[in-house]
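Here's the structure we're looking at; comments come further down.
As the structure is a prediction and not an experimental result, all values here were calculated from the model.
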Amino acid sequence: MRALQDMPISFPGLFGDWSFNPDPIAVHIGHGIYWYGIILAIGLLAGLVLCMKQAKRYGLTEDNVLDMVLWAVPSCIIGARLYYVIFYLDLYRNADGSLNWGEMVAVWDGGLAIYGAVIAGAIVAFFYTRHKKIKMGAMTDLAVMGLLLGQCIGRWANFINREAFGAETTLPWRMRLWTSAKEYIEVHPTFFYESLWNLIGLLLILLVVSKARRFDGENTWFYFLWYGLGRFWIEGLRTDSLYLFNWTFLGQPIRVSQALSLLLAVTAAVMLFYNIKIKKHSRDELLVNQVAAEAAEGTAEADISTAEAGESVPAGQEEPEFPQPPETQNGEGGETDGNTH
């Protein structure tokens, strides 16, 4: 079920007849500059700024964040598109069954899957942190905060495109979308559910989880647990899910994102239990504390060197005394007798 992108959006249970009719294209130049891309770019920049401001709390620098982003952004876009195309491959076939490569790369028409971006980002983080000799857990603990903020903002791009909505409902906050000039549907605004869920998850990490962090990677596993649970529930409401080919479970087609969300949530719960209850961690293991300890050690060594350089001069090397002026012939300290030699 697809909604028309040139028809108004309304919430009749909340705002009555008031409606909003955004044009998906912000600037009509060439293929057009879409609100979809603008909103995703805003989400990316907001996530980047957040990560740069939080970097020191994880033993990292702003340069680490910028270097990582330079590699991660193009990789995540490719990963998000590739994931979407693989599971919606039939949408990109010509009438004769051949693949339409031009449509495959047309990201401006929508079609990015967040899990594809997460997978690509994890691969980039693995290689980047190995190259820089940084703890991957510390980098991903920082990155998931920016990711949550970016997802929170980015979901509003789906609102502008009239996509990623749920099944029909009569709830007061239902969203009305038009499927033709005369027919409409009233559905779950699942884009908003996920945006709000991500915002709550971000606040939990910032205000609770990160303040009691016991090991590098704790924020990361919490993200997968929180996002996995929310996405599992929300994906079940959506009408545009990606399906795992023609596979079924108990007679029902398997939604890719729902299955992956459940797998990630269970894995994250196990990893959190193991690292918190079974494998006891010391906070000294955190990269930020290791960096602080190294800095303190370096400061102490510098202080010792400064103190040694400033010690008093050894005995026998006292400064020489300056000679006193000779006394006058008349024994007084006054003028001479006027004879010069």
> So which pairs with a foot in residues 132-146 pass salt bridge (Lys or Arg N to Asp or Glu O under 4.0 Å), sequence neighbours left out?
Replying inline: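 Of all non-adjacent pairs touching residues 132-146, those that pass salt bridge (Lys or Arg N to Asp or Glu O under 4.0 Å) are Lys135-Asp216, Asp141-Arg213.
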>> For residues 237-258, which residue pairs pass the salt bridge (Lys or Arg N to Asp or Glu O under 4.0 Å) check, not counting sequence neighbours?
In response: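 Residue pairs with at least one partner in residues 237-258: Glu235-Arg238, Arg238-Asp240.
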Just distance, no hydrogens or angles: give the donor-acceptor pairs under 3.5 Å from side chains in residues 113-128, sequence neighbours left out.
{"unit_1": "Tyr115", "atom_1": "OH", "unit_2": "Ser261", "atom_2": "OG", "d": "2.7"}
{"unit_1": "Tyr128", "atom_1": "OH", "unit_2": "Asn64", "atom_2": "O", "d": "3.3"}

Can you sort out the partners of [X] under ring pair (Phe, Tyr, Trp, His ring centres under 6.0 Å), two or more places apart, ordered by chain and number?
{"X": "Phe87", "value": "Tyr83, Phe245"}
{"X": "Phe224", "value": "none"}
{"X": "Trp71", "value": "none"}

Pair [X]-[Y], side-chain donor/acceptor within less than 3.5 Å:
{"X": "Asp96", "Y": "Ser98", "result": "yes"}
{"X": "Asn289", "Y": "Asp284", "result": "no"}
{"X": "Asn161", "Y": "Tyr34", "result": "no"}

> What residues, two or more places apart in sequence or in another chain, satisfy side chain to side chain contact (heavy atoms under 4.5 Å, CB included) together with Val27?
Replying inline: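 So Val27 forms a side chain to side chain contact (heavy atoms under 4.5 Å, CB included) with Ile29, Ile33.
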Listed pairs under 3.5 Å, donor-acceptor, residues 194-208 side chains, sequence neighbours left out:
{"unit_1": "Glu194", "atom_1": "OE1", "unit_2": "Arg155", "atom_2": "NE", "d": "3.3"}
{"unit_1": "Glu194", "atom_1": "OE1", "unit_2": "Arg155", "atom_2": "NH2", "d": "3.3"}
{"unit_1": "Glu194", "atom_1": "OE2", "unit_2": "Arg155", "atom_2": "NE", "d": "3.1"}
{"unit_1": "Glu194", "atom_1": "OE2", "unit_2": "Arg155", "atom_2": "NH2", "d": "3.2"}
{"unit_1": "Glu194", "atom_1": "OE2", "unit_2": "Tyr227", "atom_2": "OH", "d": "2.7"}
{"unit_1": "Ser195", "atom_1": "OG", "unit_2": "Cys152", "atom_2": "O", "d": "2.7"}
{"unit_1": "Ser195", "atom_1": "OG", "unit_2": "Trp156", "atom_2": "NE1", "d": "3.2"}
{"unit_1": "Trp197", "atom_1": "NE1", "unit_2": "Trp226", "atom_2": "O", "d": "2.8"}
{"unit_1": "Asn198", "atom_1": "ND2", "unit_2": "Glu194", "atom_2": "O", "d": "3.1"}

Below 3.5 Å, can you tabulate the donor-acceptor pairs from side chains in residues 268-280 to any protein atom, sequence neighbours excluded?
{"unit_1": "Asn275", "atom_1": "OD1", "unit_2": "His281", "atom_2": "NE2", "d": "2.9"}
{"unit_1": "Asn275", "atom_1": "ND2", "unit_2": "Met271", "atom_2": "O", "d": "2.8"}
{"unit_1": "Lys280", "atom_1": "NZ", "unit_2": "Lys277", "atom_2": "O", "d": "3.3"}

> With Arg57, which residues qualify under salt bridge (Lys or Arg N to Asp or Glu O under 4.0 Å), at least two apart?
Replying inline: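 Salt bridge (Lys or Arg N to Asp or Glu O under 4.0 Å) check on Arg57 returns nothing, list empty.
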> Can you list the residues that meet the salt bridge (Lys or Arg N to Asp or Glu O under 4.0 Å) rule with Arg174, with sequence neighbours excluded?
Replying inline: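 For Arg174, the residues satisfying salt bridge (Lys or Arg N to Asp or Glu O under 4.0 Å) (neighbours in sequence not counted) are Glu186.
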>> Strictly by side-chain hydrogen bond (donor to acceptor under 3.5 Å, both in side chains), give each pair with a member in residues 14-24 just once, sequence neighbours left out.
In response: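 The answer is Asn21-Arg162, Asp23-His28.
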>> Between His188 and Phe165, is the ring centroid distance below 6.0 Å?
In response: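 Centroid separation for His188 and Phe165: 6.0 Å or greater.
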